[in-house]
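Let me begin by presenting the structure, written as structure tokens, before commenting on it.
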Amino acid sequence: MKFRKIVAAAAGIALSLSLAACSGGGAGTSTSTTSATGGETSAAATEGGRVGVAMPTQTSERWIADGNAVKQQLEDAGFTVDLQYANDDIPTQGQQIDQMITQGANVLIVAAIDGTALATQLETAASQGIKVIAYDRLIRDSKNVDFYVSFDNFKVGVAQGSSLLNGLGILDADGNDTGEKGPFNVELFAGSPDDNNATFFWEGAMSVLQPYIDSGVLVVPSTQTEFDQAAILRWQQETAQKRMEDLLTANYQGDTKLDGVLSPYDGLSRGIITALQNNGYSGTIGDGFPVVTGQDAEIASVKLIQDGVQFSTIFKDTRTLAEQAVTAAKDLLAGNDPEANNTTDYDNGVKVVPSYLLDVVTVTADNITEALVDTGYWTQDQIDAGVA
Ligand code: BGC
């Protein structure tokens, strides 16, 4: 039986994880080995089994860094890797996974574009004994998901909401209420409604913001406080820019001034910042530029944070997530249950998927060096240039 052979082969190889695969593996790692439309199959390793890695898009640095880190670490562990990016196109991702299955994958590591769209592929995978790891984003509506590796997505949202409050001076750096009563005008953005993470981020953020909205310290002039009103399909920067421009036109005439924006992802943050700059907001946060949050520590946003234009981002170390995915893949191939640290929160509509969740770090201008440079994620030169 094919799967048994693979298990034996996997058990036979040395599985030491090279830390070198992590160093310099930040989002700045070269993408030259993976084509823009598809991916590549490595010939470097053939004996440890075959892993299909399906990533959503190359338009965001984090997924490039994730793909590179997962591929490198799997290859170091002796696996053959088929890494594919789907240009945020749902049918393309489905076809890529079909192909991975046809080509004999033993494990699939999938960061879904639409978390509900892969049930058919996963049914086929299960019928062939192929193990499935949901990577960063939960795959929904399928029993054929063996494990989930991610960051603590609710905590990411809490960190984003807290950071907005901190930037406005409502909370101090330790998260204590300063007594500042505002009122502050804010607008709220959420991620893509088909990404399970987006609701976790939103609920985490609203858990800290809602009490201040209720007490009037925060005011949302647009009154758009529902997820569906705030959501940005496929996390598109241009869509966020357009929504921000519309909100400014409709609600910020005359003396009404915007003080802050909850943004769940750096790409959206940059769209929002462009809209603000196009509408007469200038300078830096200290001079009255609105406080804008973010996520992913993308290089262009880290530079904006260093320059005082974006207030914060949430750093998710993709190298560590890749390490968890590789560990889980090895466990599953060896017939073991990967170690989970959460077995309650990620119900995908059919079952609770055992999960391993990692911690995140809030980055502001005050800790860029410690969080991003000292850890080798970005170099200071990359940050100064704003490009990887
Ligand atoms: C990820 C975030 C990312 C977003 C947009 C989410 O699923 O968890 O880190 O910012 O997708 O790519």
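One-based numbering along the sequence shown. Because the structure is predicted, anything quoted here is derived from the model rather than measured. For the numbers below, each heavy atom of this structure counts, side chains included, while hydrogens, waters and symmetry mates do not. In listed order, ligands and their atoms are each counted from 1.
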Contact (N/O only, under 3.5 Å) between [X] and ligand 1:
X: Arg62; result: yes
X: Tyr265; result: no
X: Asp296; result: yes

*Answer yes or no: is there an ion pair linking Asp266 with Arg270, defined by an N-O contact shorter than 4.0 Å?*
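Looking at Arg270 together with Asp266, the answer is no, because their closest N to O distance does not fall below 4.0 Å.
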_I'd like to know if Glu75 and Lys71 make a salt bridge, using a cut-off of under 4.0 Å between side-chain N and carboxylate O._
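Yes, Glu75 and Lys71 are salt-bridged.
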Can you name the atoms of ligand 1, numbered from 1 with element, that are less than 4.0 Å from a heavy atom of [X]?
X: Phe201; value: 8 (O)
X: Asp195; value: 6 (C), 7 (O), 11 (O)
X: Arg137; value: 4 (C), 5 (C), 6 (C), 7 (O), 11 (O), 12 (O)
X: Lys316; value: 1 (C), 2 (C), 8 (O), 9 (O)

*Report yes if the distance between the aromatic ring centroids of Phe200 and Phe151 is under 6.0 Å, otherwise no.*
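No: the rings miss the under 6.0 Å criterion.
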*Residue, atom name and distance, where the atom is the protein heavy atom closest to atom 1 (C) of ligand 1*: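 Nearest neighbour among protein heavy atoms for atom 1 (C) of ligand 1, to 0.1 Å: Asp136 OD2, 3.2 Å.
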_Proximity of Asp266 to ligand 1 by residue part, where a heavy atom lies under 4.0 Å_ =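 It is neither part, as no heavy atom is under 4.0 Å.
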*Which part of Trp63 is near ligand 1, with near meaning a heavy atom under 4.0 Å away: side chain, backbone, both or neither?*
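Near ligand 1, Trp63 shows its side chain, while the N, CA, C and O stay back.
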_Within the 4.5 Å heavy-atom criterion, are Leu333 and Lys131 side-chain neighbours or not?_
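No, every pair of side-chain atoms sits at 4.5 Å or beyond.
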*asked:* Would you say Gln95 and Gln99 are linked by a side-chain donor-acceptor pair, where the criterion is simply a distance under 3.5 Å?
replied: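 No, because no side-chain N or O of Gln99 sits under 3.5 Å from a partner of the opposite role on Gln95.
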*Could you tell me whether the side chains of Asn279 and Glu245 share a donor-acceptor contact shorter than 3.5 Å?*
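No - no donor-acceptor pair under 3.5 Å links their side chains.
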*asked:* Measuring from atom OH of Tyr212 to atom CG of Leu168, what distance do you get when rounded to the nearest 0.5 angstrom?
replied: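 Going from the OH atom of Tyr212 to the CG atom of Leu168 covers 11.0 Å.
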